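A short worksheet on the structure shown next.
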2 protein chains.
Amino acid sequence: MITRLSKLFVRTLREDPVDAEVASHKLLVRAGYIRRQAPGVFAWLPLGLRVKARIETIIREEMAAADAQEVHFPALLPREPYEVTNRWTEYGDGLFRLQDRKGADYLLAPTHEEVFTLLVKDLYGSYKDLPLTIFQIQDKYRDEARPRAGLLRGREFTMKDAYSFDVKDEGLAASYQAQRDAYERIFARLGMEYVIVQADAGAMGGSRSEEFLHPTPIGEDTFVRSAGGYAANVEAYTTPAPEARSLEGLAPATVVDSPGTPTIATLVELLNERHAKAEPWTAADTLKNVVLALTHLDGTRELVVVGIPGDRDADMKRAEVVFAPAEVDAASEADFARHPGLVKGYIGPWSVRGAVLGEESSTGIRYLVDPRVVDGTAWVTGANVDEQHVLDLVAGRDFVADGVADIASVREGDPAPDGSGPVELARGMEIGHVFQLGRKYAEALGLKVLDENGKLVTVTMGSYGIGVTRILAAIAEANHDAKGLIWPEEVAPYDVQVVATGRDAAIFEVAQGVAEQLEAKRLEVLYDDRPKVSPGVKFGDAELLGVPRIVIVGRDAAEGRVELWDRRSGERSSVTIDEALASF
Amino acid sequence: MITRLSKLFVRTLREDPVDAEVASHKLLVRAGYIRRQAPGVFAWLPLGLRVKARIETIIREEMAAADAQEVHFPALLPREPYEVTNRWTEYGDGLFRLQDRKGADYLLAPTHEEVFTLLVKDLYGSYKDLPLTIFQIQDKYRDEARPRAGLLRGREFTMKDAYSFDVKDEGLAASYQAQRDAYERIFARLGMEYVIVQADAGAMGGSRSEEFLHPTPIGEDTFVRSAGGYAANVEAYTTPAPEARSLEGLAPATVVDSPGTPTIATLVELLNERHAKAEPWTAADTLKNVVLALTHLDGTRELVVVGIPGDRDADMKRAEVVFAPAEVDAASEADFARHPGLVKGYIGPWSVRGAVLGEESSTGIRYLVDPRVVDGTAWVTGANVDEQHVLDLVAGRDFVADGVADIASVREGDPAPDGSGPVELARGMEIGHVFQLGRKYAEALGLKVLDENGKLVTVTMGSYGIGVTRILAAIAEANHDAKGLIWPEEVAPYDVQVVATGRDAAIFEVAQGVAEQLEAKRLEVLYDDRPKVSPGVKFGDAELLGVPRIVIVGRDAAEGRVELWDRRSGERSSVTIDEALASF
């Protein structure tokens, strides 16, 4: 097909849209690929739709290669299945809810585990029917609090979501691997850099879970990786616990006055002034006690205190994972007021052995610690008395925690939990997610099949998602320069753009002929045939649109010569028309 | 591609689903093409999705041939544009409305005139940019009061909707014709019988409007057509008015007692008893006065009385068109109670000339008449007094109507308004609609472009819809028998189904080979490779699924022979494998 630019429904803009924060958003709007309809909701113009269709084709081909079969669910779904799994409630404000004319509750599905499970339950009943992997490419809805970055976090977005169904755990592992392999092939074909990181299962609840992150400074996810091959979302990073140390010969705990030291910085200053030792005190010597308020699913509010090394902060995202499905907040002033035993700025452990800390320190609140707080480690921490701290408080001797909570922030240089060396931190964007759901959904919705022995067994499931529209934006983000988009060949809206320059009808005749000969090679051709537009504007538009290869037909056309222009390298070379055609 | 039936995600059912009323719904569910998710909301299984994709491909090809460019809008749209055109309100309960987390109003779009208009306004500004026709294939939502008949009237359904934009009326006429022609090509390729009927513009408001109706006894629309080529929706049929007759020499009006004759039947009986004449009285001699209650957009309620020949009923759908945008109901008892001048069963015209009917007959209510009630026609009708009628009441002499209202039912044999002979009535299903919107939407939303003289002019638009999922159901409805579906080749989920019968491994080897050779001919092949399923079950499933051509590989495979089975004719013939392959 030849598309004439003079007829194409597109308008390029010189100015960035005012609401655009990131390059992909700016350029996709400026180049006429998408237009905003509402916050996080976009319309697709012909150019955008072409790129999207090519990405979808690649995904479909690789799904077919992985024996996944395509189905299609509505976006509008009844409440009931989501009520059974509690996600109607759990999704909170993120779910678009509505009622029909009869008052029945519906939602716009953010993901489809429930109805895929019910569909398989409806159709299948025997182990012989499995394994099965089915997928759809479908528009999903999430009412994001802050839709941002154009397509990267929209409220309506296209996803490929697949679900696998197996009788046995080994079957699930194989289905999971098949999708994981397909994802690797898809991202390779799309030319997208990616890192597979261990991910937290989060609200989905399950066993193995990995994210495909596309490294980019504008990514919303932080991940860690070691030179030795470890990679994980920071939420999934687990702090390796050091060996416990001997309690013998450790200095006894001492309570000291510490006026005006409610923060770690002021405490360390006081320590170095009043209790100087060979090595200066640092924040790492102190134990910071963070008070968190958990809101459980049944609505009850519980305070917990977590002791973490004073040189780290609590990472609330990591805390959310640790305490899921409870919601986590910092404790409020009201929380402190209800618990006078918590002396703000001077909190220390309780569950005390011996009499180091006073009786008033027993609060009935769970006291948890960072994995690094192993037996035999000594800390400076609050004495649960205003303006007093305790030195040499030894874990396992002077206090015993109620448990471990790995909520401290992760830092460059922290050890990978698999021993593969120190980690570095990077930012990435989630472009895919593979997930062993296990039997959670099948259990909740009663998906059982007869096994070889005629016994009903619950099916085990996997869930696999790729964000189609997000991938498109990520590719745009990774493939542009100051002048515009630079599409990889595999997803470009057109294979080649022919630009006719000048006003001479003969030039347009040659250009038309070149376009036709390229079309005859089964290439998708965009032909800039606009008669009264200057070469400068045409070149600027070509750079903005980002078709990877451009043929310029200008003055030299009379001598049978054209220019080949590589959008990515910027190189132009004068060649004969035959050479130009032969290069495709 | 070869799809193995043993792996295909499908389950055939022997029983009809309990909620299914029509054959297409029953068979599409039983054959495993679709599954219900909620009233009027369906999920698509692999077989259904394949047929749908093929229909969409045909539509896309014909849209491209008509120079229409594809775009894609979200289903979730903000309220504002629909507020401007008043459709946010006009759609009433038929619109799915919702709010986001910030309380902003949204809708699930039932159709996209507003946002297409705004998009063109955003991108274009000159007459040089036009004409333009853009389309999408997209899932739409309407909260039908009574979703029924499976896909034929769903609450979520896929539509191709196109919109044309022109500066001049002749341009709109050309764009309209191009879409109309494309629709004819699409339905021809789909092998669908259709009739193009004049349609009422209805709530859309515009000038030329035609519907593509697929004749079928289960259609929701009634249409009329004449042998001479006239065709119209009954709502759009206009009754030709006869010539007015001379008032001279007509008998004077006479009021007569008519006890116990509140209905036309009882009245006619009384006339024949007490006022017999050469020809017996019939209902056609009487004027029936129908009291309607109109609810105007501003909420006010108005009663009108329409006089129609007594041998016809008021057709409420036709009345809706006549009185749009007001809503029309039959008058209630309360309405009559508020208007004692309306003597139920004995109502006659007022606006009386002369003193035939009493003073009390002046009610302040509009009195309208059927187009057949021309000057000089004489009627028996109510005298506006209980148990009295008037004979020989002559239009134009004894009463003058306030206007004409063409609301009477249309009958077989009524004259086509274009003089092309008597009409017949038939039932049809709307499968396409082409519509000259004119400047209504452009006006409301400010879509103007500069014309040749640099003057801003309002754009004129057309709107063109095809129901993709409805077409699929209509094809199923028109192509089935008692045993199952019979797909036309152009939309069949597979080109050919290979059925291996018997338990002999050699048969399966031959069948596999046949499937591969068919695949090599670029055919889509469904291979029934199920090892332990009886031939009877396999044949039954093949008939239910409806792949048009079937190759049976059975006992004769050893001699290199197979059976060719034509699903539609039911004919089977034994041929050599080479002959079988050569027939494709």
Side-chain angles (χ1 to χ4, degrees), chain A residues 1 3 6-11 32 35 37-39 41-46 48-50 52-53 64 67 69-78 92-94 96-102 104 106 108 115-116 118-120 122-125 128-129 132 134 136 139 141 143-145 155-156, chain B residues 1 3 6-11 32 35 37-39 41-46 48-50 52-53 64 67 69-78 92-94 96-102 104 106 108 115-116 118-120 122-125 128-129 132 134 136 139 141 143-145 155-156:
Chain A
M1 271 285 291
T3 301
S6 63
K7 301 283 181 198
L8 182 63
F9 185 50
V10 66
R11 181 94 335 159
R35 278 292 185 280
Q37 298 295 305
V41 179
F42 293 87
W44 293 82
L45 306 192
L49 206 53
R50 277 180 165 258
K52 185 164 178 267
D67 280 333
Q69 300 181 57
E70 188 166 359
V71 299
H72 192 82
F73 272 86
L76 182 73
L77 288 173
D93 285 344
F96 281 108
R97 297 177 181 82
L98 66 159
Q99 293 193 323
D100 72 3
R101 59 162 73 209
K102 290 179 177 163
Y106 284 82
L108 299 183
V115 286
F116 270 79
L118 288 174
L119 183 64
V120 174
D122 177 12
L123 264 67
Y124 279 178
K128 291 181 206 158
D129 298 324
L132 169 74
I134 44 182
Q136 62 179 352
D139 292 336
Y141 297 83
D143 195 359
E144 297 285 346
R155 299 200 293 172
E156 178 175 69
Chain B
M1 271 285 292
T3 301
S6 64
K7 301 285 181 195
L8 181 64
F9 184 50
V10 67
R11 181 93 337 159
R35 277 293 185 279
Q37 298 296 303
V41 179
F42 292 86
W44 293 81
L45 305 193
L49 207 52
R50 277 179 165 259
K52 185 163 177 265
D67 280 333
Q69 301 181 56
E70 187 166 359
V71 300
H72 192 82
F73 272 86
L76 182 71
L77 288 173
D93 284 345
F96 281 109
R97 297 177 181 83
L98 66 160
Q99 293 193 323
D100 72 3
R101 59 161 74 210
K102 290 178 178 162
Y106 285 82
L108 299 183
V115 286
F116 271 79
L118 289 173
L119 183 64
V120 174
D122 178 13
L123 264 66
Y124 279 177
K128 291 182 206 160
D129 297 324
L132 169 73
I134 44 183
Q136 62 179 354
D139 291 335
Y141 297 85
D143 195 357
E144 297 285 348
R155 298 201 294 174
E156 178 176 68

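This is a predicted model, so every value here is computed, not measured. In what follows, chains are A, B, ... by sequence order, proteins preceding strands, each numbered from 1.
- Between chain B and the residues A/Gly94, A/Pro74, A/Ala43, the most heavy-atom pairs under 4.5 angstrom are made by A/Pro74.
- The part of A/Asp139 that comes within reach of chain B is its side chain, from C-beta onward, which places non-hydrogen atoms under 4.5 angstrom from that chain.
- Contact count versus chain B (heavy atoms, under 4.5 Å) is highest, among A/Glu70, A/Lys52, A/Lys7, for A/Glu70.
- Contact count versus chain A (heavy atoms, under 4.5 Å) is highest, among B/Leu119, B/Asp67, B/Leu108, for B/Leu119.
- Highest contact tally toward chain A, considering only B/Leu8, B/Val120, B/Val10, B/Thr3, is held by B/Leu8 [criterion: heavy-atom pairs under 4.5 Å].
- Contact annotation for A/Ala64: neither backbone nor side-chain heavy atoms come within less than 4.5 Å of a heavy atom of chain B.
- A donor-acceptor pair is defined here as one N or O able to donate and one able to accept, closer than 3.5 Å; such a pair exists between the side chain of A/Asp143 and the backbone of B/Arg101.
- Within the 4.5 angstrom heavy-atom criterion, no atom of B/Ala104 approaches chain A.
- For the residue pair A/Gln69 and B/Pro46, the shortest heavy atom distance occurs at OE1-CG, 3.9 Å.
- Contact annotation: the side chain of B/Asp100 never approaches that of B/Leu76 to less than 4.5 Å [non-hydrogen atoms, C-beta and beyond].
- Each of A/Val115, A/Leu118, A/Ile134, A/Asp93 has some count of heavy-atom pairs under 4.5 Å with chain B, and the biggest count is that of A/Asp93.
- Only the side chain of A/Asp122 comes within contact range of chain B, with heavy atoms under 4.5 Å apart.
- Residues B/Leu98 and A/Phe96 form a side-chain contact, since some pair of their non-hydrogen atoms from C-beta on lies under 4.5 Å apart.
- Both the backbone and the side chain of A/Ala145 come within contact range of chain B, each with at least one heavy atom under 4.5 Å from a heavy atom of that chain.
- The part of B/Asp129 that comes within reach of chain A is its side chain, from C-beta onward, which places non-hydrogen atoms under 4.5 angstrom from that chain.
- Of the atoms belonging to A/Gln37, heavy atoms from both backbone and side chain fall under 4.5 Å from chain B.
- Of the atoms belonging to B/Arg155, it is side-chain heavy atoms, and not backbone ones, that fall under 4.5 Å from chain A.
- Ranking A/Tyr141, A/Tyr106, A/Tyr124 against chain B, the residue ahead of the rest is A/Tyr124, based on heavy-atom pairs under 4.5 Å.
- Side-chain atoms of A/Gln136 come within 3.5 Å of backbone N or O of A/Phe73 as a donor-acceptor pair.
- Both the backbone and the side chain of B/Leu45 come within contact range of chain A, with heavy atoms under 4.5 Å apart.
- Of the two parts of A/Leu123, the backbone and the side chain both hold a non-hydrogen atom closer than 4.5 Å to a non-hydrogen atom of chain B.
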Next on the checklist: For A/Trp44 and B/Val71: C-alpha separation, side-chain torsions, deciding distance, then whether side chain to side chain contact (heavy atoms under 4.5 Å, CB included) applies.
Outcome noted: CA-CA 5 Å; A/Trp44 293 82; B/Val71 300; 5.9 Å; no
